[in-house]
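Structure first, commentary second.
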Amino acid sequence: MASSGGYRARMEHAVSLRSLQEDDAEAVAALVRRAFAAQSVATDPPASALRLTAADVRAHLAAGGGGSVAFMAGSVAASAMWSEQQGGLYVARLAVDPAWRRHGLARALLRAAEAAARSRLLPRLHLGTRLVLADNRALFESCGFVEIARHAHPGYAEPTWAEFEKPVGPDAS
Ligand SMILES: CC(C)(COP(=O)(O)OP(=O)(O)OC[C@H]1O[C@@H](n2cnc3c(N)ncnc32)[C@H](O)[C@@H]1OP(=O)(O)O)[C@@H](O)C(=O)NCCC(=O)NCCS
């Protein structure tokens, strides 16, 4: 089992991160649905993440996808899923339990994604977020991502989501 070790999040809660595994499928799917149901703004169209199932998570892993899970007090508190796409590591379903927000968990998961990209020799991370979610854009910008394009969902005349990327350099440590 791969582990990125533990560290102490703000407010003195110990958090541990490890690679997403098949056994996590039920808990992670439930967490993703719970997290996306508690976005700061209801999105149009609704997020497909609201319909994520354990079978989807297992299929993602079976297809070579990866991810990371963060545990707080022994329970799944946050997770991210990723896969190789378009010459980079595409990060999806970044989700933090509403009870554990603003403790740095998303930031920690994005660091884990960066490490995964580096170990796969991929030169960039990329992801998409809805334009209406200003808090998400603030998160990605604070983690070094830049917006590279805007897109509309099928059937929508105006852009609904933005694509962000972050170059992944050599390990500085
Ligand atoms: C978006 C989400 C993953 C953020 O998780 P989080 O663990 O609370 O984020 P972090 O604590 O790591 O925040 C890191 C930084 O992002 C920014 N940020 C995060 N949430 C923010 C908010 N609500 N408003 C403004 N800035 C915010 C801040 O700069 C923050 O640093 P700070 O707390 O030191 O100011 C979480 O709110 C979530 O699960 N939302 C619902 C699902 C979703 O939208 N996922 C992303 C899809 S693209």
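Every number for a ligand or one of its atoms is a count from 1 in the order of the listing. Keep in mind that what you see is a predicted model, and the values were worked out from it rather than measured.
Residue contact check: Ser142 has heavy atoms under 4.0 Å from atoms 15 (C), 16 (O), 29 (O) of ligand 1. For ligand 1, the atoms sitting less than 4.0 Å from at least one non-hydrogen atom of Ala138 are 26 (N), numbered in the order shown with element in parentheses. Near Thr129, meaning under 4.0 Å from any of its heavy atoms, are these atoms of ligand 1: 48 (S). The atoms of ligand 1 that sit less than 4.0 Å from any heavy atom of Ala95 are 39 (O). With ligand atoms numbered from 1 in the order given, ligand 1 contributes 48 (S) to contacts under 4.0 Å with heavy atoms of Gly128.
Using a cut-off of 4.0 Å between Lys/Arg side-chain N and Asp/Glu carboxylate O, Arg102 and Asp135 are scored as not salt-bridged. A salt bridge does not link Lys166 to Glu141: none of the charged side-chain nitrogens sits closer than 4.0 Å to a carboxylate oxygen.
In this structure, Arg150 contributes its side chain and Trp161 its backbone to no donor-acceptor pair below 3.5 Å. A donor-acceptor contact shorter than 3.5 Å links the side chain of His60 to the backbone of Gly66. Put simply, the side chain of Arg33 gets close to the backbone of Leu52: a donor and an acceptor are under 3.5 Å apart.
Among the atoms of Trp100, none of the N or O lies under 3.5 angstrom from an N or O of ligand 1. Residue-to-ligand polar distances place Gly104 within reach of ligand 1: an N/O pair is separated by less than 3.5 Å. Of the N or O atoms in Val96, one or more lie within a sub-3.5 Å distance of an N or O in ligand 1. Looking at Ala106 next to ligand 1, an N or O pair under 3.5 Å apart turns up.
Residues that satisfy the ring pair (Phe, Tyr, Trp, His ring centres under 6.0 Å) test with His126, not counting sequence neighbours, are Tyr90.
Each of Leu125, Thr129, Leu139 was evaluated against Phe145; a single residue qualifies, Leu125, per the side chain to side chain contact (heavy atoms under 4.5 Å, CB included) test.
Nearest to atom 37 (O) of ligand 1 by heavy atom, out of Arg101, Glu141, Arg137, is Arg101. Across the listed options Arg111, Arg93, His103, Arg102, Arg102 owns the non-hydrogen atom lying nearest to atom 33 (O) of ligand 1. For atom 42 (C) of ligand 1, the candidate residues are Asp97, Leu94, Asp135, Leu109; the nearest heavy-atom contact is made by Leu94.
Identified under the salt bridge (Lys or Arg N to Asp or Glu O under 4.0 Å) test for residues 70-98, with sequence neighbours left out: Arg34-Asp97, Glu84-Arg120.
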